[in-house]
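Below is one structure, written out as structure tokens; the observations come after it.
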Amino acid sequence: MMAMACVRKFRFTRPLFHLQWRYYSLQTKSERPTFGIAFDIDGVMLRGRNVIGGATQALRRLFKDPSNPTELRVPFVFLTNGGGLRESERAIELSNLLGVYIKSCQVLQGHTPFRKLVNRFGDELVLAVGKGEPANVMSEYGFRKVVSMDEYASSFVNIDPLAQYKSCANQLSSHNKDLLSQLEGDVDITNTHVHAAFVVSDPIDWGRDIQVLCDVLRSGGLPGKSGGHQPPLFFAADDLEYQAAFPTVRLGMGAFRIALESIFNRIHHSALTYTSFGKPNATVFKDAEIVLQKISSSIGSETTDHPKISNAENFPTHEIKSLYMIGDNPPVDIFGARQAGLPWFSILTRTGCFSGEGNHADFPADLVVDTVEDAIDYILKKHSKEYL
Ligand code: G3P
Ligand code: MG
């Protein structure tokens with residue numbers, strides 16, 4: 001049902017007969033390609049909400065019918081350190097922005113691995129920080145007692161001494177009222193210890209969030225109480241910088257982590273402990289490889305939908321011999337892919353964090369191209385012979 005709704009919502013940005021692409025035809029010898037592609041989003045496909053680098057034309061070539069981009073020909077995923085929306089919602093957003101049909105299982109965000117921690121914290125009160133809908137994201141993963149930073153901060157009177165100077169501070173929007181329903185059962189959050197804090201997406205109000213996180217982490221989980229052990233702290237990613245709509249790079253979640261850590265270590269007797277997920281961690285590339293294999297296996301089968309990540313292990317796998325990471329951030333995307341090793345091949349575009357003439361000095365890619373469209377050109381040309 002969701003899939004059909006998604007297709008109907010497509011807004012194609014220009015008439016199909018105007019589209020031109022250098023199309024290296026992947027005529028079928030085998031229905032299933034032996035390669036897969038992972039796309040970074042910010043700085044490769046998008047800058048803010050603007051599509052860049054010929055991303056739409058490039059993506060259409062990975063579908064059986066580029067003029068009706070609903071059925072995959074080449075397996076691909078989005079492997080982003082961004083987030084803040086559930087994967088299903090992000091898939092719809094990306095479908096509308098990029099003009100091709102994207103399924104939830106193709107969206108791997110910085111916080112996607114948080115779902116692996118549900119066995120540990122699923123029944124405990126956890127704090128979800130960041131833009132978008134961090135509590136909904138965690139709830140979707142199975143966490144039953146999630147409180148967003150917005151609700152949490154507004155539940156403790158005077159916890160943010162600057163709140164009065166901020167517009168709409170201390171007022172829960174109707175959106176945030178909905179988030180209260182993510183707390184299953186009766187939970188008095190001002191009297192319950194937070195068992196873990198998750199920075200799901202880029203925090204908006206750094207001052208308030210650093211203050212409240214310091215309160216939670218120093219007190220053993222309950223602001224205003226005396227100290228206990230620091231609850232575990234998880235970050236969805238550790239990007240120092242990323243490319244958004246502004247001409248120069250913006251501070252990312254890694255910059256927030258540094259700010260929090262610097263302050264926490266100055267005011268607390270023991271150093272902050274934390275775990276960061278996202279690229280360049282090798283596990284992220286392993287997870288992407290598994291999903292790409294499952295998607296590849298579903299291509300050409302009777303199955304009408306791609307396997308869900310949650311039940312992907314029950315799906316037959318198909319061998320993929322080459323995996324391509326197309327990214328713009330050398331220490332994140334390129335280092336990650338190179339660290340993951342074969343069969344990963346890294347392609348650096350000049351549309352985001354990197355715009356140098358040659359290769360990056362410290363984190364050189366296997367290939368440097370101007371745009372994602374050039375990258376797809378290269379990949380499809382390289383693999384065209386497999387399908388002659
Ligand atoms: O906040 C998003 C940013 O840190 C990175 O996004 O798509 O470039 O991995 P992306
Ligand atoms: Mg990027």
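As the structure lists them, so they are numbered: ligands from 1, and atoms in each ligand from 1. Please read all numbers here as calculations on a predicted model, not as lab measurements.
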*Would you please determine whether D202 falls within less than 4.0 Å of ligand 1 on a heavy-atom basis?*
yes
*Could you pull out the N/O/S protein atoms under 2.8 Å of the Mg ion (ligand 2), ignoring any water?*
D40 OD2, D42 O, D328 OD1
*Beyond-backbone contact of R257 with D238, side-chain heavy atoms, under 4.5 angstrom*: yes
_Has R250 got a side-chain atom pairing as donor or acceptor with T248's backbone, closer than 3.5 angstrom?_
yes
*Taking distance alone, with no angle check, do I41 and ligand 1 share an N/O pair under 3.5 Å?*
yes
*State the atoms of ligand 1, each with its element, that fall below the 4.0 Å cut-off from a heavy-atom position in D40.*
7 (O), 8 (O), 9 (O), 10 (P)
*Determine, step by step, whether Q109 and R90 satisfy the side chain to side chain donor-acceptor pair (under 3.5 Å) criterion, reporting the C-alpha distance in whole Å, the side-chain angles of both residues, the deciding distance to 0.1 Å, and the verdict.*
CA-CA 9 Å; Q109 307 189 89; R90 195 78 201 276; 3.2 Å; yes
*Taking atom 7 (O) of ligand 1 as the reference point, the nearest protein heavy atom with its distance*: T80 OG1, 2.6 Å
_Below the 3.5 angstrom mark, is there an N/O of K131, backbone or side chain, next to an N/O of ligand 1?_
no
*Lys NZ or Arg CZ of K382 over F345 ring: under 6.0 Å, within 45°*: yes
*Sort and list the pairs that fulfil side chain to side chain donor-acceptor pair (under 3.5 Å) and have at least one residue in residues 326-341, not counting sequence neighbours.*
K279-D333
*asked:* Which residue is it: F285, F35, F335? I am looking for the one with a ring-ring contact (aromatic ring centres under 6.0 Å, His included) to W344.
replied: F285
_Between the side chains of R49 and E93, is the shortest nitrogen-to-carboxylate-oxygen separation below 4.0 Å, so that they form an ion pair?_
yes
*Classify the contact between K279 and ligand 1 as side chain, backbone, both or neither, using a heavy-atom distance cut-off of under 4.0 Å.*
side chain
*Basic-acidic side-chain contact under 4.0 Å: R73, D65*: no
_Is the contact between D239 and ligand 1 made by the side chain, the backbone, both, or neither, using heavy atoms and a 4.0 Å cut-off?_
side chain
*Using a strict 4.0 Å cut-off to heavy atoms of D42, name the atoms of ligand 1 that fall inside it.*
2 (C), 3 (C), 5 (C), 6 (O), 7 (O), 8 (O), 10 (P)
*Which bit of D333 is near ligand 1, meaning a heavy atom under 4.0 Å away: side chain, backbone, both or neither?*
neither
_Any carboxylate oxygen within less than 4.0 angstrom of a Lys/Arg side-chain nitrogen, looking at R47 and D42?_
no
*F198 and its ring-ring contact (aromatic ring centres under 6.0 Å, His included) partner, picked from Y141, F143, F235*: F143
